[in-house]
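Everything below concerns the one structure shown next.
Chain A is the first sequence line, chain B the second, and so forth, proteins listed ahead of strands; every chain is numbered from 1.
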There are 2 protein chains.
Amino acid sequence: MREFHTTSLADQVFDKLENDIITGVYPKGEILTELKLVEQLGVSRTPIREALRRLEQERLIAESGKGSVVLGITEEDLEDIMNIREHIEGLASYYAAVNMTPDGLKELEHIMDLQEFYFSKHDLEHMRQIDDKFHDLICQLSKRTVINDTLVPLHRKTQRYRKKSMENDQRLVNMIAEHRNIFNAIAAGDAALAESLTAQHIRNAKLNMLERLKNNG
Amino acid sequence: MREFHTTSLADQVFDKLENDIITGVYPKGEILTELKLVEQLGVSRTPIREALRRLEQERLIAESGKGSVVLGITEEDLEDIMNIREHIEGLASYYAAVNMTPDGLKELEHIMDLQEFYFSKHDLEHMRQIDDKFHDLICQLSKRTVINDTLVPLHRKTQRYRKKSMENDQRLVNMIAEHRNIFNAIAAGDAALAESLTAQHIRNAKLNMLERLKNNG
DNA sequence: ATGCGTATAATTGTATACATTAATCCAAAA
DNA sequence: TTTTGGATTAATGTATACAATTATACGCAT
């Protein structure tokens with residue numbers, strides 16, 4: 001018998017709020033109070049509180065005396081995030097190559113195709129989502145819980161700033177090529193190559209992001 | 001006017017449960033149900049639920065159909081934790097050296113003294129706590145939120161296995177010496193040295209832990 | 001014996017009332 | 001004008017009742 005597993009209200013509220021923060025519906029500095037969210041979302045405080053606490057733990061919001069304030073990330077944060085990813089994300093690709101399954105490979109290939117599709121449409125919003133999905137999926141397919149749990153929150157935090165770094169058309173072309181190379185290494189089961197290509201890929205992304213950040217002030 | 005800020009029941013419950021899991025009061029596999037905890041702790045389900053959700057996010061427990069099950073960590077987890085720490089913990093020491101304050105230095109020095117005091121008493125339980133405190137404090141004093149948030153959960157997860165690695169007396173002596181060297185580098189403001197000493201320290205700890213784990217089966 | 005289905009019990013999910021705490025505002029005094 | 005005190009308001013913290021779900025036990029048919 002198939003199990004239904006309706007997602008709980010708390011999960012739905014969390015997903016919605018996380019997405020709204022990432023996409024800028026609630027910009028940095030916005031104050032979220034439980035009561036306002038009760039009105040807006042039409043559910044009771046209980047699931048809302050649970051969602052807020054999870055967002056708090058991910059450092060997307062923080063208590064501020066009066067309600068929860070939506071946090072931004074500083075240049076220092078971004079620097080640290082990319083430095084950590086530069087050191088760790090290669091491990092994810094390494095184990096993804098080691099533990100890959102046919103199903104996982106198919107999933108990953110689908111991402112590769114979508115990324116080229118959205119690029120041909122110049123759809124930056126979906127490009128951002130797909131880029132994130134690519135890196136999240138590799139973490140997941142690595143089958144290494146600790147690595148996944150360490151990296152995924154960092155991916156979440158950079159999402160808001162990813163779109164800006166995608167306005168550079170040349171970087172987009174390079175990104176797609178780098179993803180493709182990483183995919184090929186994983187598909188070939190060459191863990192060491194996947195690892196070093198990934199580290200280099202993050203390094204490139206970091207340089208591009210920080211440069212953009214400096215130029216935009 | 002001084003602010004009081006009594007910690008909430010939810011915080012207290014979280015701290016207690018986290019500590020009980022870390023110290024083995026609730027061993028791996030133990031099932032925690034909200035109702036049992038209500039009886040044991042004498043508070044309502046609301047703060048208990050909040051605490052459980054936070055423990056879940058730290059991967060110390062997981063939902064299991066019937067209640068929440070206390071998770072252990074596998075050898076793979078331990079390997080990943082120490083590999084990640086090996087790559088990142090140096091950054092924490094680096095920034096701790098850069099951003100150090102007199103007060104912070106005093107705090108850190110106090111830890112150094114306590115560690116030698118407890119060693120002279122052969123008090124392994126406190127040694128474990130102090131070791132953890134040392135690394136947590138450096139993360140905190142680095143003033144780099146992302147680095148702190150990335151490392152602290154990893155420290156929590158290894159606590160349970162730290163005591164075992166402290167049964168090696170020679171390792172304890174080395175550990176104290178390594179901590180002292182890291183402290184001196186930070187106090188001297190030599191960020192690069194603090195970073196490399198820390199990386200080496202974690203490498204040593206990793207080797208010792210994995211070896212112990214193999215020997216004990 | 002074994003598998004199936006239903007009744008029952010146990011557990012979590014949600015809403016809400018009440019308690020407590022913290023922020024705000026305004027009036028009065030320095 | 002600034003500050004201070006307290007009343008008021010608004011927010012979160014906590015407990016609890018009720019709903020929905022899931023596990024379990026048991027009887028029945030095969």
Polar atom pairs between nucleotides 13-15 of chain D and protein, under 3.5 Å, N or O only, would you list them?
{"residue": "D:dG13", "atom": "OP2", "partner": "A:Arg49", "partner atom": "NH1", "Å": "2.9"}
{"residue": "D:dG13", "atom": "OP2", "partner": "A:Arg49", "partner atom": "NH2", "Å": "3.2"}
{"residue": "D:dG13", "atom": "OP2", "partner": "A:Arg53", "partner atom": "NH2", "Å": "2.7"}
{"residue": "D:dG13", "atom": "N7", "partner": "A:Arg45", "partner atom": "NH2", "Å": "3.0"}
{"residue": "D:dG13", "atom": "O6", "partner": "A:Arg45", "partner atom": "NH1", "Å": "2.9"}
{"residue": "D:dT14", "atom": "OP1", "partner": "B:Leu9", "partner atom": "N", "Å": "2.6"}
{"residue": "D:dA15", "atom": "OP2", "partner": "B:Ser44", "partner atom": "N", "Å": "2.8"}
{"residue": "D:dA15", "atom": "OP2", "partner": "B:Ser44", "partner atom": "OG", "Å": "2.8"}
{"residue": "D:dA15", "atom": "O5'", "partner": "B:Ser44", "partner atom": "OG", "Å": "3.4"}
{"residue": "D:dA15", "atom": "N7", "partner": "B:Thr46", "partner atom": "OG1", "Å": "2.5"}

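- Within a 6.0 Å sphere centred on NZ of B:Lys36, other residues, nucleotides and ligands contribute more than 12 heavy atoms.
- D:dT22 atom C1' lies 15 Å from atom CG of B:Leu35, rounded to whole Å.
- When rounded to the nearest whole Å, the span between CG of A:Leu32 and C1' of D:dA10 equals 16 Å.
- Using a 4.5 Å heavy-atom threshold, the side chains of B:Arg156 and B:Asp136 count as touching.
- More than 12 heavy atoms of other residues, nucleotides or ligands shown are found within 6.0 angstrom of NZ on A:Lys157.
- Between the side chains of A:His155 and A:Glu89, a donor-acceptor pair is found at a separation under 3.5 Å.
- Spacing between atom CD of A:Glu56 and atom C1' of D:dT12 amounts to 12 Å, rounded to whole angstrom units.
- Rounding to whole angstrom units, CG of residue B:Leu37 and P of D:dT16 are separated by 16 Å.
- The shortest non-hydrogen separation linking B:His179 to B:Gln115 is ND1-OE1, 2.7 Å.
- Residue whose closest nucleotide on DNA chain D sits further toward the 5' end, between A:Lys66 and B:Ser64: A:Lys66.
- No more than 12 heavy-atom neighbours from other residues, nucleotides or ligands sit within 6.0 angstrom of OH on B:Tyr94.
- Note: CD1 (B:Ile31) to P (D:dT22) measures 17 Å, nearest angstrom.
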